[in-house]
Colleague: 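This is the structure, below, for whatever I ask next.
Letters go in sequence order (proteins before strands), and every chain restarts at 1.
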There are 2 protein chains.
Amino acid sequence: MSKDICHCIVLRKASRRVSSYYDEALAPLGVNIAQFSLLRNIDRMAPVSLTDLGARVELDRSTVGRNAKVLERMGLVDIRPGKDQREATLTVSDAGRVILKAGGPLWDSVQEDIEARLGPDGIDRLRELLAVL
Amino acid sequence: MSKDICHCIVLRKASRRVSSYYDEALAPLGVNIAQFSLLRNIDRMAPVSLTDLGARVELDRSTVGRNAKVLERMGLVDIRPGKDQREATLTVSDAGRVILKAGGPLWDSVQEDIEARLGPDGIDRLRELLAVL
DNA sequence: TCATTTTTCGGGTATATACCCACGAACGCG
DNA sequence: CGCGTTCGTGGGTATATACCCGAAAAATGA
C-alpha cells in the first residue's frame, strides 16, 4: 500500500532535496536559499520589523530574528531600532543588494529546472495541492 | 505571475506546516514526527548501522547519528557496537516498541486528515509530482 | 497621570540538518 | 603477515527551526 508511506516524510524529503538544488546554485554567493529568500522578503518589505517579517514568511519570530542576525553578521542586512523602541527595523544593505542582484539569475535557473521537470502544469498542480495542506 | 514564487519556499513552508500536524498529534507521546519516523525505520531494519539507516531515510549519516542519540537518551533505542567493531548497531528497545504501538493510531489519524484534504487522487498526484524532484 | 495589559524583542534550550575532519577498525594486496 | 586503502563513527561547527520566559516599551483605561 502506498498509504503506508508517511505523507509528511515524503514532503520533508522533497523539501530537503529541492533546497539543496537552490543551495548549490547560490553557493558561489555564500548564501543558501533560506537566507536568499529572507533577504528578498526584507527587501520587499523594508523597513520591516521581525514580527511582520515572521508573519510574512510563516516562521517563528525568534527564528527570523536568529536568521536575520546571520545576515547581519554577513553584512547583508542592517538591524536598527525603529521609532518604536521595541522594534528591530530590518533593511537590506548595499552588499545585500549586490547579492540580490547576483542571485537573481542563479535562482531563475533553478526555478526553470524545476518547472522543466514538473512539466507545463506541474507547478500549478503542485502548488494547488500544497495550498490545501 | 505565480512564477515569481520560489518553488523551494513553497515546499519548505508546506513541509513545516505538515510536520507540525504530525508533531501535535504525537506530542502526547513525547516524540515528533522525525523521531517517530526514524524509530519506525530502525524497527523495520533492526539491527541496522547508521550508514544503512542514513541511506534509507535519505539523511546525512551524522544527522542520523545525532537523531538516534536523542532516541537513545529517551530510552527508545539501543545503540551497541556490532560484530564489525566500527559499526553502531541500532535496535528498538521495549519502551520504543510501546511508543511505536501507541503512535500508530495517532499517526493514522493525521494521515487520514491529509488524505481527506487532498481528495481521492490527491495523494497520488502529489507523490508523483514530488517524486520527479 | 498611573497602573495594567499588550506588544516586541532577546536569550536559553532543544532538535533537525549538513559538511568536514580525525580516529580506529577492517580488508585486500603483495 | 604488514601496509596502505577503504569504511563507519564521532565530534566540531554552523544554520534552521521552535517554544518558553523575562525585560522593556507602548498602548489602554480609569
Colleague: If you only use heavy atoms from C-beta on, which nucleotide in C:dA16, C:dT7, D:dA16 is closest to the side chain of A:Ala34?
Modeller: D:dA16
Colleague: Do you know which two heavy atoms are closest between B:Ala14 and A:Leu130, and how far apart they sit?
Modeller: CB-CD2, 3.9 Å
Colleague: Between D:dT17 and B:Arg16, is there an OP1 or OP2 to side-chain N/O distance shorter than 4.0 Å?
Modeller: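 Answer yes for this pair, as a side-chain N or O of B:Arg16 is under 4.0 Å from OP1 or OP2.
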Colleague: Would you indicate which nucleotide in C:dT13, D:dT9, C:dA18 comes nearest to any side-chain atom of B:Leu59?
Modeller: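 Shortest atom-to-atom distance from the side chain points to C:dA18.
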Colleague: Shortest non-hydrogen contact from A:Asn41 to A:Arg56?
Modeller: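 In terms of heavy atoms, the two residues are closest at OD1-NE, 3.0 Å.
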Colleague: Compare the minimum distances between each of C:dA16, D:dT13, C:dA26 and the side chain of B:Asp84, then state the nucleotide with the smallest one.
Modeller: C:dA26
Colleague: Looking at every heavy atom in both B:Gln111 and A:Cys6, which two are closest together, and how far apart are they?
Modeller: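 Scanning both residues completely, I find the closest heavy atoms to be OE1-CA, 3.5 Å.
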Colleague: Taking 4.0 Å as the cut-off, does a side-chain nitrogen or oxygen of A:Ser62 come that near to OP1 or OP2 on D:dA18?
Modeller: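 For A:Ser62, the contact criterion (side-chain N or O under 4.0 Å from OP1 or OP2 of D:dA18) is not met.
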Colleague: Does C:dG11 have its OP1 or OP2 closer than 4.0 Å to a side-chain nitrogen or oxygen of A:Lys69?
Modeller: yes
Colleague: For D:dA18, does either OP1 or OP2 sit under 4.0 Å from a side-chain N or O belonging to A:Thr63?
Modeller: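 For A:Thr63, the contact criterion (side-chain N or O under 4.0 Å from OP1 or OP2 of D:dA18) is met.
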Colleague: Looking only at side-chain N and O atoms, does B:Asn67 come under 4.0 Å of OP1 or OP2 in C:dT15?
Modeller: no
Colleague: Can you see which heavy atom on B:Glu115 is nearest to which on B:Ile123, and at what distance?
Modeller: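 Minimum heavy-atom separation between B:Glu115 and B:Ile123: CG-CG1, 3.6 Å.
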Colleague: So for A:Arg61 and C:dG11, does any side-chain atom that can act as donor or acceptor lie under 3.5 Å from a complementary atom in the base?
Modeller: no
